Amino acid sequence: MVNNLTESIVFVIYLVFMICIGVYFFIKTRQGGEKTYFLGGRQMGPWVTALSAGASDMSAWVLMGLPASVYALGIGQVWIAVGLAIGYALSWIFEAGRLRRFSIVANDSITIPQYLTNRFLSKSKALQIICAVIFLFAYTIYAASSIKACGTLFNTVIGIDATVAMYVAAAIIISYTFLGGFSAVCWTDFFQGMLMLGALMLAPIFALFALKGITPEAVNVPNYWNAFNSWQDIVSGLAWGIGYFGMPHIIIRFMSLESNKAVKKSAKLGITWTTLILIFAVIVGLIGRRFLGYDENIDQNSLVFITMVRKLFPAVISGILLSAVLAAAMSTADSQLLAAASAFASDVYKPVIRKDQATDKEMLWAGRWVVLVIAVIAMLIAANPGAGSIMSLVSNAWGVFGAAFGPVILLSLFWKRFTFSGAVAGIVVGAAVDILWLAFLSSTGIYEILPGAVAGLIAAVLVSLVSPAPGKDVEELFDTAVASDV
């Protein structure tokens, strides 16, 4: 009981700190417009950008879902981590700098749908509306996974009802996102990113020392240490990396960087941080199996990291380290809520509903109310017992984003002949094939993001080739963005 109380106090202190960051940026940026609220005024430095990009990606699944998969099934699950590490590195190397320059040249775009529309100098709102609909759908599911993780953590550690815990976590996330916008999200993610890395590094190291002198249950799962059990596991694991090229709440960080020089520094920091996080997440699962033996409750509820930390450390330290699970869940949920809000406010409310008559203040409040609505719906999904596991919710949302936007974003940055019609086709076909594969062909063992992305790429290329070539002004925009040094 004393341990639970101590851990609870640590949690409360941590959550108050997050809210204070939101209040600080609300006061600091309340005179700014939509660009300040949704993109931080393009003034983000390399350290904050790198760690916030990583933290917004590595939701609670990296501390709960991934270690639990490795714990239960073995080292064959490492291919997810390998695919993510490769995809993340490639997105920083090939996509980050170009996307930042292209978004500035394309009428200083502040959202991904806005960028894609401005990239083709189109007056049609079709692409913005389609993107916004996908955003609202997928981000609601994604945010539900983070809120569900918070409920599981509070229920396990403190003993309070999981649903009540979900409401509390959602309220905290809403508060600082609602108030402080992009700057608050980035700075909270920065601190949460450091906490996540420290926690994942400490837990397995101390567990290794604790293994000396005890004889844990043997790992007797067939092929537990064989990484090449199934070609489907390898292909599907590597395919996770595709998601990075089209994950709006991650690549929006590329657009927020203050300079081209900052891109290179952020890339080094971000790639290093993410690689270390993934390595230690896998190690937690492997060592957790040796340290804890197999426990069905640990497996089903993704409790490897939580159980390990509580067995190894006194309450004050375990409270701090378990706050990393909160950090992981919150750092992803806040970014998702803000990305969805920006897409609705900038790409639907302002150009379609208000016919470009909305004031900056009106835009900010439209975005804030969307944050609230999406969070409430995500809360209802998370509280539904049939919603699925944390890992399954993440994989579903990740697949839709990667398949719909990954190929289209890359083509927009590297192919001058790419057309507006091709972009629309790529997004629609990629999302549709991903969802249909999940619904009807998931039994193949192939992660739906792969067929979805391939179909989206083919559709985007074919439609671009059969549609009229871009005008001279669009080609000039492409050349300007490639040569730009802004």
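Predicted model, so just to flag it, every value in this text is computed and none were measured. Note: hydrogens, waters and symmetry copies are ignored here, and every other heavy atom, side chains too, is used. For this chain, numbers begin at 1 and follow the sequence in order.
The two atoms that bring A460 and L411 nearest to each other are CB-CD1, 3.7 Å, heavy atoms only. In plain terms, the two heavy atoms of V400 and A138 that are nearest each other are CG1-CB, 4.3 Å. The heavy-atom pair separating K148 from M166 by the smallest distance is CA-CE, 4.0 Å. The minimum heavy-atom distance between A96 and V263, with the atom names listed, is CB-CG1, 4.0 Å. Looking at every heavy atom in both residues, G270 comes nearest to W92 through CA-NE1, 4.4 Å. D434 and A403 get closest at one heavy-atom pair: CB-CB, 3.9 Å.
Residues satisfying the side-chain contact (heavy atoms from CB on, under 4.5 Å) test with A378, not counting sequence neighbours, are T140, A143, A144, I147. Every residue meeting the side-chain contact (heavy atoms from CB on, under 4.5 Å) condition with V428, not counting sequence neighbours, appears here in chain and number order: I130, V424. In this structure A68 satisfies the side-chain contact (heavy atoms from CB on, under 4.5 Å) test together with S302, V304, sequence neighbours excluded. With sequence neighbours excluded, the residues forming a side chain to side chain donor-acceptor pair (under 3.5 Å) with S412 are Y115, listed by chain and number. Every residue meeting the side-chain contact (heavy atoms from CB on, under 4.5 Å) condition with S236, not counting sequence neighbours, appears here in chain and number order: I446, Y447. For the side chain to side chain donor-acceptor pair (under 3.5 Å) test, residues two or more places apart in sequence or in another chain that qualify with N226 are N229.
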Are V78 and V70 close enough, and set up right, to give a side chain to side chain contact (heavy atoms under 4.5 Å, CB included), and what steps lead you there? CA-CA 7 Å; V78 75; V70 175; 5.9 Å; no
Under the side chain to side chain contact (heavy atoms under 4.5 Å, CB included) rule, what do T444 and Q232 come out as? Steps first, then yes or no, please. CA-CA 8 Å; T444 60; Q232 288 99 330; over 6 Å; no
Determine, step by step, whether F94 and L90 satisfy the side chain to side chain contact (heavy atoms under 4.5 Å, CB included) criterion, reporting the C-alpha distance in whole Å, the side-chain angles of both residues, the deciding distance to 0.1 Å, and the verdict. CA-CA 6 Å; F94 294 107; L90 292 177; 3.5 Å; yes
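With F401 as reference, Y139 is the one residue of Y244, Y139, W240, F245 to meet the ring pair (Phe, Tyr, Trp, His ring centres under 6.0 Å) rule. Screening V316, V309, I306 for a side chain to side chain contact (heavy atoms under 4.5 Å, CB included) involving L321 leaves a single residue, V309.
Not a single donor-acceptor pair under 3.5 Å links the side chain of T275 to the backbone N or O of T272.
F206 has its ring centre no less than 6.0 Å from the ring centre of F291.
Distance check, rounded to the nearest 0.5 Å: CG of L99 to CG of L410 gives 9.5 Å. Note that CD1 of I112 and CD1 of I134 are 13.0 Å apart. Values are rounded to the nearest 0.5 Å. For the atom pair Q77 CD and L286 CG, the distance stands at 10.5 Å (nearest 0.5 Å). In this structure, I320 CD1 and I13 CD1 are separated by 9.0 Å, a value rounded to the nearest 0.5 Å. Rounding to the nearest 0.5 Å places CD1 of I279 at 11.0 Å from OG1 of T274. Here L136 contributes atom CG and I374 contributes atom CD1; the two are 5.0 Å apart, rounded to the nearest 0.5 Å.
Inter-residue side-chain proximity for I435 and N396 is flagged as unmet; no heavy-atom pair is nearer than 4.5 Å. Taking 4.5 Å as the limit, some side-chain heavy atom of I427 sits within range of a side-chain heavy atom of L116. Residues S103 and F254 have side chains not in contact (no heavy-atom distance under 4.5 Å, counting atoms from C-beta outward). The closest side-chain heavy-atom distance from Y88 to L278 is not below 4.5 Å.
Taking the ring centre of Y71 as origin, the terminal cationic atom of R289 falls inside the region bounded by 6.0 Å and 45° from the ring axis.
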